[in-house]
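For the numbers below, each heavy atom of this structure counts, side chains included, while hydrogens, waters and symmetry mates do not. Order of the sequence lines sets the chain letters (A, B, ...), proteins ahead of strands, with each chain counted from 1.
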Amino acid sequence: MPELPEVETIRRNLADKVTERVIKEVDLLLPRLIKWPSPGEFQAILTGKRITKLGRRGKYLLFYLEDDFVLVVHLRMTGRLYFIQAGVERDKYTRILFTFDNRDTLQYADTRTLGTLYLMKESELWRISGLQHMGPEPLTAEFTEAYFSDRLKKRQGKIKPLLLDQTLVSGLGNIYADESLALAGIHPEKSAAQLTGKECKALYAAVNQVIAEGIADGGTSFRDYRDGNGQRGEHQKHLRVYGRHNEPCCVCGTPISKIVVAGRGTHYCSRCQIK
DNA sequence: AGGTACTCCTGAAGGC
DNA sequence: TGCCTTCAGGAGTACC
């Protein structure tokens with residue numbers, strides 16, 4: 001599942017290939033993925049537009065266009081974005097196809113079709129509530145230890161689902177949430193309010209570290225994720241707990257446990273991560 | 001308001 | 001082998 005490191009890897013792959021390119025044609029093979037505006041308007045506005053910049057906010061990719069428009073893409077579970085040169089066959093699951101002036105294409109592929117695309121003026125991005133209410137990003141000046149600890153202190157619920165709450169900190173999904181808790185040595189079901197100052201500090205550092213490691217490795221290809229060139233990431237080789245059910249903990253050798261927390265598969269070491 | 005449950009979706013995997 | 005059920009999970013929504 002694409003989380004911040006995967007989306008950032010895709011952004012870096014695609015940036016040089018798509019900036020300054022003009023979209024000549026838009027094929028909507030599955031129009032219902034377009035959430036705003038209508039599919040017809042989406043197609044009409046995009047056609048002939050030049051891409052000026054490729055940005056990212058949390059797990060959203062932002063294609064800035066001329067005339068102050070922005071094409072927003074959220075990959076959700078199985079979305080993929082590929083740049084494919086003219087003449088090369090497209091992905092079996094391509095749902096939206098953007099063709100550039102020399103027939104090169106940008107393809108939005110998605111097996112489970114849960115992804116979402118939007119097109120609007122930059123001044124109207126507030127319409128996307130996920131963007132509007134998004135919390136600070138790891139590895140930025142806005143994401144401070146004081147902010148993080150303050151927010152955690154006020155919450156009674158389990159820490160794991162809080163790490164998935166994009167209004168608290170943006171970009172973490174199930175993989176990096178489990179990895180952050182493992183690195184910090186915190187049980188996923190521990191109440192956030194009961195974390196000690198030392199634990200808050202360790203978790204803050206861990207969130208930044210696992211996100212930085214994920215980006216450095218070009219993302220985690222656990223199942224569906226591929227980068228903008230269709231390549232797998234490397235970070236699945238360095239995971240501490242995610243997807244390692246029954247395999248030995250890399251610190252103490254205890255078999256990794258898998259439980260369900262707030263409806264999400266959750267991996268942790270029962271010896272290193274105490275409640 | 002914070003917390004929980006349900007919904008969307010389809011291929012892979014597991015049970016019998 | 002084949003049919004059926006379950007699972008994967010981001011995020012919007014409904015509801016208490």
- prompt: Who pairs with A/Asp68 by side-chain hydrogen bond (donor to acceptor under 3.5 Å, both in side chains), at least two apart in sequence or on another chain?
  reply: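 With neighbours one apart ignored, the set is empty.
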
Would you call [X] and [Y] a side-chain contact if the rule is heavy atoms closer than 4.5 Å?
{"X": "A/Asp110", "Y": "A/Met77", "result": "no"}
{"X": "A/Ile128", "Y": "A/His74", "result": "no"}
{"X": "A/Tyr176", "Y": "A/Val207", "result": "no"}

task: Could I get the full list of ring pair (Phe, Tyr, Trp, His ring centres under 6.0 Å) partners for A/Tyr118, not counting sequence neighbours?
output: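 Per chain and number, A/Tyr118 pairs via ring pair (Phe, Tyr, Trp, His ring centres under 6.0 Å) with no residue.
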
statement: A/Lys53 meets the salt bridge (charged side-chain N to carboxylate O under 4.0 Å, His left out) criterion, sequence neighbours left out, with none

Nucleic acid footprint by protein, nucleotides 8-14 of chain C - heavy-atom cut-off 4.0 Å, B for base, S for sugar-phosphate alone: BBBBS--

- prompt: Distance-only, no hydrogens or angles: does the A/Lys121 side chain make a donor-acceptor pair with backbone N or O of A/Asp67 under 3.5 Å?
  reply: yes

query: Taking 4.0 angstrom as the limit, do A/Glu3 and A/Lys59 come out as a salt bridge?
result: no

task: Could you please spell out the steps behind the side-chain hydrogen bond (donor to acceptor under 3.5 Å, both in side chains) verdict for A/Thr116 and A/Lys35?
output: CA-CA 6 Å; A/Thr116 48; A/Lys35 301 303 171 186; over 6 Å; no

For A/Glu179, the option from A/Arg240, A/His267, A/Gln209 that meets side-chain contact (heavy atoms from CB on, under 4.5 Å): A/Arg240

Helix axis bend for the helix from B/dG2-C/dC16 to B/dC16-C/dG2 - C1'-based end axes, five pairs, 10° rounding: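 One end's axis against the other's: 50°.
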
message: Under 4.0 Å, heavy atoms only, any strand: does A/Arg95 hit a base, just the sugar-phosphate, or nothing?
response: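 Here A/Arg95 touches no strand at all.
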
Mind listing the N/O atom pairs, protein and nucleotides 2-5 of chain B, below 3.5 Å?
residue	atom	partner	partner atom	Å
B/dG3	OP1	A/Gln156	N	3.0
B/dG3	OP1	A/Gly157	N	2.8
B/dG3	OP2	A/Arg155	NE	2.6
B/dG3	OP2	A/Arg155	NH2	3.0

